[in-house]
Amino acid sequence: MRSMDAERKNTGGHTVVVGASLAGLRGAEALRRAGFAGRLTLVGDEPHRPYDRPPLSKSALTGEVAPEATVLPNLHALAADWRLGVAATGLDRQAREVRLADGTTLSYDRLLIATGSRARSWPNPTEAGLAGVHTLRGRDDAAALRQALAPGPKRVLIIGAGFIGCEVAASCRALDRAVTLIDPGPAPLARILGQPVGEIVAALHRALGVDLRSRTKVARLEGNEAGRVVRAILEDGNVVETDLVVVALGAVRNTEWLSGSGLDAGPGGVVCNEAGHALDTEGRPDRAIAAAGDVARFPHPLFDGRPVALEHWGHAVAQGEHAGRLLAGEANETDYAEMPAFWSSQGGITIKSVGLTEGADSMVFAQGSPKEGRFVVVYGAKGRCIAAVSFDSARWLPAYAEQIAARAPFPPICGGTDEHNLTVLSPGFPEKRTSP
Amino acid sequence: MKTGQLFEAVKDEANRADPYPLYARLRETPVSRQDDGIYVVSTHAAITSLLHDPRISSETLPPSERPRTGNPFSDWIVNPVKDHLTNTHRPFIFRDPPDHDRLRMAVMGQFTHQRVHAMRGRSHDLVADLLDKQSDATSFDLVCDLAYPLPVTVICEMLGVPPEDEPQFHGWATQLASALEPDNLGNEEARAKNIITFDEISTYMRGLIKEKRRHPQDDMLSGLSAGSGPGGEPGMGEVDLIASAILLLVAGHETTVNLIANSTLALVRHPDILARLAGEPDLAPRLIEEMLRYDPPVHFRTRRALSAIDIAGITIPEGADIVLLLASGNRDPAVFCDPDRFDPDRPDIRHFGFGGGLHYCAGAPLARFEAEAALVALAQRLVHPRLIDDPPPYRSGAALRGPMHLRLAIDGVAPRR
């Protein structure tokens with residue numbers, strides 16, 4: 001057994017990491033830490049070294065942190081070749097080659113796919129091309145948006161009330177800019193957190209002075225002769241005069257470059273097995289390839305093996321490191337089972353979550369209460385605890401994470417401190433949901 | 001020794017100088033029921049888990065009962081009211097959310113960045129003055145001559161307590177801090193002493209707060225009395241205010257002294273690291289984190305189970321008293337490699353030196369600055385320090401654990417840099 005492990009251990013050759021952001025960087029570091037001594041190349045479509053994204057919708061917009069000050073520290077010496085500002089455009093698994101946008105190719109022995117996702121753009125390309133229409137994903141986007149906010153636009157219109165839309169709205173209010181937030185659902189974040197919590201988020205944003213319009217969509221954007229956006233026409237017929245639009249309609253996974261590679265990759269991500277190896281269209285793992293971060297779709301053992309693709313910071317770190325060890329031969333065939341977790345901060349409130357709310361059929365306010373503005377909500381499905389979300393009460397989440405991992409009955413903790421009333425509510429998720 | 005008696009041995013003063021072998025024995029059973037019914041939690045994982053569990057309560061103090069005076073008016077009218085007020089307005093270290101959160105937030109609103117940072121520079125000056133006093137000495141007591149006066153001066157200045165009143169507090173603080181020692185809680189005489197002390201210090205604080213309301217200054221007590229923190233925190237009632245002020249004063253008196261004394265002891269026992277710190281003062285922040293792991297000022301805290309908790313293969317029943325053995329979690333080999341070695345180069349030190357969860361030490365930044373000022377100056381200025389007693393005599397507390405005296409022989413004190 002030992003000798004077989006030794007043979008499997010990958011200490012040489014060329015490992016290529018496509019995607020030079022958080023998951024790619026942590027994956028590359030994990031490879032080195034696991035003893036990989038061969039050639040290492042990181043490919044990134046942006047010209048920047050890996051940087052941290054969470055501040056981009058918060059402190060980088062309000063000006064507390066410069067967008068270029070978000071560079072991620074190297075936690076381990078990499079000794080890598082960096083191919084930055086060059087996107088990968090194709091993958092030939094037979095030749096073991098990655099094609100790059102500058103026409104060159106990189107041959108690999110091991111490949112880590114960490115191409116992440118990009119902001120979904122406004123569906124009408126002409127309207128999307130108007131000056132003053134922004135998306136927010138990268139550090140250059142944040143710098144551009146910060147610059148556009150500086151002169152004091154008449155009104156910022158934010159399309160989409162998911163986490164990015166809500167955080168940008170709160171940041172704009174912190175800058176004292178007028179904000180209209182367009183929410184197609186019944187309440188902001190209701191798709192992820194359910195209707196009762198969504199209503200609390202709605203109240204939070206109204207208290208911040210956000211003009212929140214729920215249950216409506218933007219029908220079209222209009223520009224002036226100079227090609228600048230001037231107003232939005234809503235589906236309900238209302239008109240919002242605006243000179244700065246932020247499109248926050250979620251993310252699209254960057255898998256187009258894999259078409260024709262024979263890997264099972266599409267809008268849902270790169271399909272992986274439990275260990276994190278990419279699967280081909282026949283469902284067979286390619287043991288030379290792993291995927292990690294936003295782009296990876298994998299069966300999560302904590303959720304009955306349901307395939308999920310998670311756009312969480314902590315997940316990019318944990319799965320990146322797992323994939324690095326996997327490619328180095330250290331984590332062979334061990335399942336990746338990290339508890340999903342994310343956080344958001346908006347309007348001075350810190351929201352944290354563990355587990356996945358998808359499929360929840362019940363919820364309780366387990367600690368604290370909406371009235372106090374600090375609480376923990378626990379979500380259950382089929383009598384088991386599957387997720388917990390805290391507003392300014394993150395201290396209790398580790399206990400709930402343990403309950404979720406143990407598949408504890410719902411509601412999992414009774415008789416705790418600061419417990420008011422364990423009435424089981426319906427999450428009331430609007431429409432059909434995909435994983436957050 | 002049987003597992004069920006190990007915690008009794010931890011409390012035994014004979015084991016004060018080195019309780020760590022007992023902790024190692026306790027960790028063989030991560031959560032172990034002691035013969036007296038207390039559940040001792042000793043591994044890093046189990047402590048972490050319970051620090052974040054909402055079924056764990058900090059409301060562990062027995063009901064206050066002022067001793068009979070023989071005066072019926074006091075015994076039947078005044079003292080029952082006082083007892084009720086004491087029971088319902090404990091300092092926030094002994095309270096659960098939501099009351100804890102409201103009180104702590106008001107206090108944290110006064111622990112402003114500016115005030116804490118001002119104390120950083122002040123700590124360096126205070127240490128320099130205290131060491132200057134030893135310039136002709138061939139030996140001195142680090143506890144009485146530095147580790148105690150430094151944090152006491154700092155907390156008094158932060159709060160706005162006149163330094164000339166300080167000698168009065170010394171005894172009060174020591175008496176009140178004994179509420180953290182489990183055996184004192186069970187002892188009627190100790191509890192009676194505690195409540196008398198509490199009434200004395202309360203009377204003093206009530207007067208001081210009155211004065212602060214009349215003549216507000218730039219200090220925490222004035223800010224708390226005015227009830228307007230930077231976040232516009234609502235004011236707290238008089239009784240909570242007094243309890244919070246007492247908590248801060250006691251915490252400032254009884255904890256950092258141990259951090260500085262324990263650190264000095266470890267450094268003098270590791271002369272190579274002491275010499276390194278003298279030439280490399282930037283090592284101090286990491287060294288202090290390692291100290292908070294290796295030999296922390298607070299060894300354990302007690303909690304109570306609000307409902308039954310399944311953990312580490314055992315069920316802690318509802319109502320059980322729980323000891324979180326923080327100093328043992330700090331030496332858990334499952335988390336720290338070679339845990340009994342003092343190693344300031346250790347990466348990723350997730351220690352319980354300031355506790356954890358919602359009761360995490362409110363004064364942590366202050367304690368770090370004070371320890372940094374003290375340890376760097378000691379390393380740079382003491383010429384050839386040696387321990388006169390090894391181990392030194394310890395204070396009686398097993399929870400708040402540190403030397404009573406730490407006598408050092410020196411060949412002089414270098415002039416301040």
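Naming: A, B, ... by sequence-line order, numbering from 1 per chain. Predicted, not measured: the structure shown is a model, and the values here were computed from it.
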Residues forming a side-chain contact (heavy atoms from CB on, under 4.5 Å) with A/Val424, sequence neighbours excluded
A/Ser362, A/Val364, A/Phe410

Report, as yes or no, whether the 6.0 Å neighbourhood of atom NZ on A/Lys352 holds more than 12 heavy atoms from other residues, nucleotides or ligands.
no

Applying a heavy-atom distance below 4.5 Å, give me the residues of residues 83-95 of chain B that approach chain A, sorted by number.
none

Are there residues of residues 366-391 of chain A whose heavy atoms fall under 4.5 Å of chain B's heavy atoms? If so, which?
A/Gln367, A/Glu372, A/Arg374

Do you know which of A/Ala399, A/Ala401, A/Ala406, A/Cys414 has the most heavy-atom pairs under 4.5 Å to chain B?
A/Ala399

Pick from B/Gly357, B/Ser49, B/Pro97 with the largest number of heavy-atom pairs that fall under 4.5 Å of chain A
B/Pro97

If you compare all heavy atoms of A/Trp396 against all heavy atoms of B/Leu358, which two are closest, and at what distance to 0.1 Å?
CH2-CD2, 3.6 Å

Between A/Gln403 and chain B, which part of the residue has a heavy atom less than 4.5 Å away: side chain, backbone, both or neither?
side chain

Pick out which of B/Pro54, B/Pro98, B/Ser58, B/Ser57 makes a side-chain contact (heavy atoms from CB on, under 4.5 Å) with A/Thr417.
B/Pro54

As an exercise: rank B/Ile56, B/Asp96, B/Leu51 by heavy-atom pairs under 4.5 Å with chain A and give me the winner.
B/Asp96

Going by residue number, which parts of residues 309-328 of chain B are within reach of chain A, meaning a heavy-atom gap below 4.5 Å?
none

Evaluate the side-chain proximity of A/Ile413 to B/Arg55: yes if any heavy-atom separation is below 4.5 Å, no if none is.
yes

So does A/Arg395 pair up with B/Asp101, basic N to acidic O under 4.0 Å?
yes

